[in-house]
Structure formats: C-alpha cells, structure tokens
**Q** 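Please see the structure below; I have some questions.
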Amino acid sequence: MSTKPRCIDRQREIADSLLAWFSGNARDLPWRCLQHDPYAVWVSEVMLQQTQVAAVIPYYQRWMGRFPTIDDLARADEQEVLAHWSGLGYYARARNLHRAAKAVAAEHSGRVPSDPAALRALPGIGAYTAGAILSIAFGLPHAVVDGNVERVLSRLVALDGDPKSSVNQKALWNLARSLVPPERPGDFNQALMELGATVCTPSLPSCGACPISNQCAAYKSGEPERWPQAAPARKNVRVEHVSVIVRAGDQIVLVRRENSGLWGGLWENPRSEVARGEDPLDAPASAARSLGLEADIEPEPFTQFQHQVMHFSIRLTGYAATLRSPIPTAQLNGPTMFTLSEAAGLALAAPQRKLLVEYERYQRAQQGMSTAGANE
DNA sequence: AAATCGGGGCA
DNA sequence: TGCCCAGATTT
C-alpha cells in the first residue's frame, strides 16, 4: 500500500534492531527508574544538555532529593536553586527550569503539558528536550536529535557536509522522524542516543558491536570516522583575569554577578581583568580599588593558578571605613562579607568553590604553623 | 547564521 | 592542548 515499501521495511528493521539491542545494553541510570514522571525526565534532560552522564548523576540525585516535584521547585528560592546547580555549568538552564516550573504551576495546574507547542513555549525547552519528554514520559512518537543522534545518523547515511548546517539539520530531523516507531518511541530515542554514547563514538567506534552496521553507509565505506563532517572549529581568545580573596578577620568578600552572561547570578571573589601589558601582580590592587577598598592592602602569599585565572589573597586592615559593615542578606549584589562556611552554602561557580576549598586548607596550614611556633 | 554559555574527561 | 558532551537562547 505504501509508495515506498522497501524504505518502510528498512526503517522498521533499524528500529527493531535498535530496540532489541537497547533491551540488553541500556545502562542503569537513575532517571530511568522514573520514566513515567514527566518532571523527572525533564530534569534529567536539562541536566544532560551539553553535560556528560557521569557528571550529571550526583547532581540529579541531590536535585530530586531537594525538589522531588515540580511544585517543590516552583516554590523554591532562586539562590537555592542555583546553589544546587553550582558546578554543573550553563546556569541559565537552572534559571529557565525554575521559571518554567513556576509557569507550569501557574498556567498548567502543576502538570507538565503533553502538547508539543505548550512544551516548547516553556523557557529552556527546545526541539530536543520537547521531543525527549514527549517520547520518553508520554510515549508519543516524537523524534530527538542531539549530538549522539547527529553522529549516528550522519554515519548511517554518510551525510555530506557539516551536520550543523540548517539544511543538514532539517535532513537529520526528518530522518529521525522517519525512524521513530509508533510503539516504544522513548526507548527507541534512548537507544539511538545510547548507541552514540557507547558504540558509535566520535573516535574508534565499535562497529563490531553495532546492531545496525549492516545498514550503515559509513561502515560500508570502511572509514566510519569520516563522518560526521564537522566544520572547522574556531579558535578561542583567552582573557587573563585575577581573582582576589579579600579577607578581613574571618570573613571574605564576595560579589554577585549580573544575571546574564558568564556565571550569571552566581557569587564570586572580586575579579579584575589584566590589561594588555599590565603586570598581573598589580591586578589584585586594581581589583580591590574597583570595590572602593583603598587602604592598607597587604598581599598574602596564597596564590593559586587555575586555567588562565590567577588567585591572590589580600588582607584588609581598616576595611570598615571603606566597606560597609557585614550585610546579612544574600539578596544584595554589591560586595558582601561572608564567613567561609556561609560561602559554602552560596551559589558559586565551580572554580570559585574550588578556590575557597584551597584557601581554607591554606589557612588551616598557616594556623598549624603558628600554633607550632608558639609552643617553642 | 554565528556567538555564547562551562566544566569535566580523555587522547 | 583540543575536542566532545542527552542544546537553548540571544544577537
């Protein structure tokens, strides 16, 4: 009856092969226990955006423990939401998820909508995440195309050109849609991604273990790694910064970044860009000056180099005249003083969190030395 | 269409 | 070091 019976048969065979393979080769991942909870699927899919499975697992467990339902998330304070995301990166994902939870609570009576258009209207849900929720949680025959699917399908049909180009993106989505079976669409989509993650890898794919290698054009060519034909990467420009631990007594100064841009809305140590030609050792002083801290800056020997950011410690004396007395609320954006244990509860970017851990260790070592000295 | 967001893992 | 990762949003 179909106009392309051979084509349909081939699609059916690919789906069946993948589903059979998946039933014996699916990794045991925490979110696969809650496949029928749209919120749980949603959280896992957002965390997995541009983030590897191993990095997500502990964050997912902690998140679901604190925000087990969409209402728990909708009622939570944004700073606490960000604190639970702290270290995962791409913090707009957390803010969007929080905003979307509030929207679902307000506009959909707390139920994740199963309508594609309504899903796509939520902040942070694009074509991929909508397809994943619809197919995995609701069992609806929608396709997904992520980095894994992109690679698998590019090899399957030996796709010519950059898979990111708009023409090829349309082709890949159409191909993915044509392959999704009406039954078990969620398992099929996960199988496709699982295959890309564990078998059809970017380098050294294990074609011997692939259930659809007999259908794969790249495999037949003998050089599967020729696909996908990625565009040449652009080179990135690095900017040097210094990050300063400004200390007064047992407290340190943190500032909250703007909501948009890098590490949006997170707390960090005062930071200063190193101007071209400037001695990096002068930068801590300019960072302090940008806070209005003019007096009695005594650099301490604690320094740490991390990527392109250098960290210095500065001890402030007479700070009360220039920096207002400790501000208890964490709502302010300006320089605010925290003890190290208070800082540990804030939404910090991962490098800042590591820096504070190192600094605490350094301080303890210093105290140990001074104690030992006093005993002599 | 291109840039941006981030941190970790791995060759 | 460079590339990749269960992408979405802004410009």
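Values reported hereafter were calculated over all heavy atoms of this structure, with side chains retained and with hydrogens, waters and symmetry mates removed. Letters go in sequence order (proteins before strands), and every chain restarts at 1.
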**Q** Are Tyr90(A) and Trp85(A) close enough that their ring centers fall under 6.0 Å?
**A** no
**Q** Say you pick atom P in dA6(C) and the same atom in dT4(B); how far apart are they, in whole Å?
**A** 24 Å
**Q** Using a strict cut-off of less than 4.0 Å between a Lys/Arg side-chain nitrogen and an Asp/Glu carboxylate oxygen, indicate whether Glu78(A) and Arg99(A) qualify as a salt bridge.
**A** no
**Q** Quantified in whole Å, what is the C1' atom distance between nucleotide dC4(C) and nucleotide dG6(B)?
**A** 13 Å
**Q** Where each residue is assigned the nucleotide of DNA chain B containing its nearest heavy atom, which of Ser166(A) and Arg93(A) is assigned the position nearer the 5′ end?
**A** Ser166(A)
**Q** Mind checking Trp31(A) for me? I need base, sugar-phosphate or nothing, with any heavy atom below 4.0 Å counting as a touch.
**A** base
**Q** Over how many whole Å does the gap from Met193(A) atom CE to dC5(C) atom P extend?
**A** 13 Å
**Q** Could you work out which one of dA8(C), dG8(B), dG7(B) sits closest to the side chain of Gln49(A)?
**A** dA8(C)
**Q** Could you check how far CD of Gln50(A) sits from P of dA8(C), rounded to whole Å?
**A** 9 Å
**Q** With P as the reference atom in both, quote the distance from dC3(C) to dA3(B) in angstrom, rounded to an integer.
**A** 15 Å
**Q** Measure the CH2-OG distance between Trp227(A) and Ser221(A) for me, rounded to the nearest 0.5 Å.
**A** 4.0 Å
**Q** Write down the distance between OH (Tyr59(A)) and P (dG6(B)), rounded to a whole number of angstrom.
**A** 13 Å
**Q** Within less than 4.0 Å of OP1 or OP2 of dG7(B), is there a side-chain N or O belonging to Trp263(A)?
**A** yes
**Q** How about Trp63(A) and Phe67(A): are their ring centres within less than 6.0 Å of each other?
**A** yes
**Q** Would you mind classifying the nucleic acid contact of Arg32(A) as base, sugar-phosphate or nothing, using non-hydrogen atoms under 4.0 angstrom?
**A** base
**Q** Nearest whole Å is fine: how far is dA6(C) P from Leu97(A) CG?
**A** 19 Å
**Q** Under 4.0 Å between any heavy atoms, over every strand shown, what does Ala230(A) touch: base, sugar-phosphate, or nothing? Just pick one.
**A** nothing
**Q** Touch check for Ser165(A), heavy atoms < 4.0 angstrom, all strands: base, sugar-phosphate only, or nothing?
**A** nothing
**Q** Kindly say if Lys164(A) contacts the phosphate of dC4(C), meaning a side-chain N or O under 4.0 Å from OP1 or OP2.
**A** no
**Q** Which part of the nucleic acid, if any, lies within reach of Gly196(A) when heavy atoms closer than 4.0 Å are counted: base, sugar-phosphate only, or nothing?
**A** nothing
**Q** Evaluate side chain to side chain donor-acceptor pair (under 3.5 Å) for Thr51(A) paired with Arg93(A), printing each intermediate quantity in order.
**A** CA-CA 12 Å; Thr51(A) 309; Arg93(A) 293 184 295 175; 3.1 Å; yes
**Q** Return the 5'-most residue of the pair Pro202(A), Thr129(A) with respect to DNA chain C, ranking by each residue's nearest nucleotide.
**A** Pro202(A)
**Q** I need the OH-P distance between Tyr90(A) and dG7(C), as an integer number of Å.
**A** 10 Å
**Q** Without decimals, in angstroms, what is the distance between Leu204(A) CG and dC4(C) C1'?
**A** 14 Å
**Q** Rounding to a whole Å, what distance do you find between Arg95(A):CZ and dT4(B):C1'?
**A** 14 Å
**Q** Tell me which of Ser203(A) and Thr51(A) sits closer to the 5' end of DNA chain B, going by the nucleotide each one is nearest to.
**A** Thr51(A)
**Q** Select base, sugar-phosphate, or nothing to describe what Ala54(A) touches, counting heavy atoms under 4.0 Å on all strands.
**A** nothing
**Q** Any link between Val144(A) and Phe22(A) through a network of hydrophobic side chains (Ile, Leu, Val, Met, Phe, Trp, Tyr) touching at under 4.5 Å?
**A** yes
**Q** Specify the separation, in whole Å, of atom CD of Glu45(A) and atom P of dC5(C).
**A** 15 Å
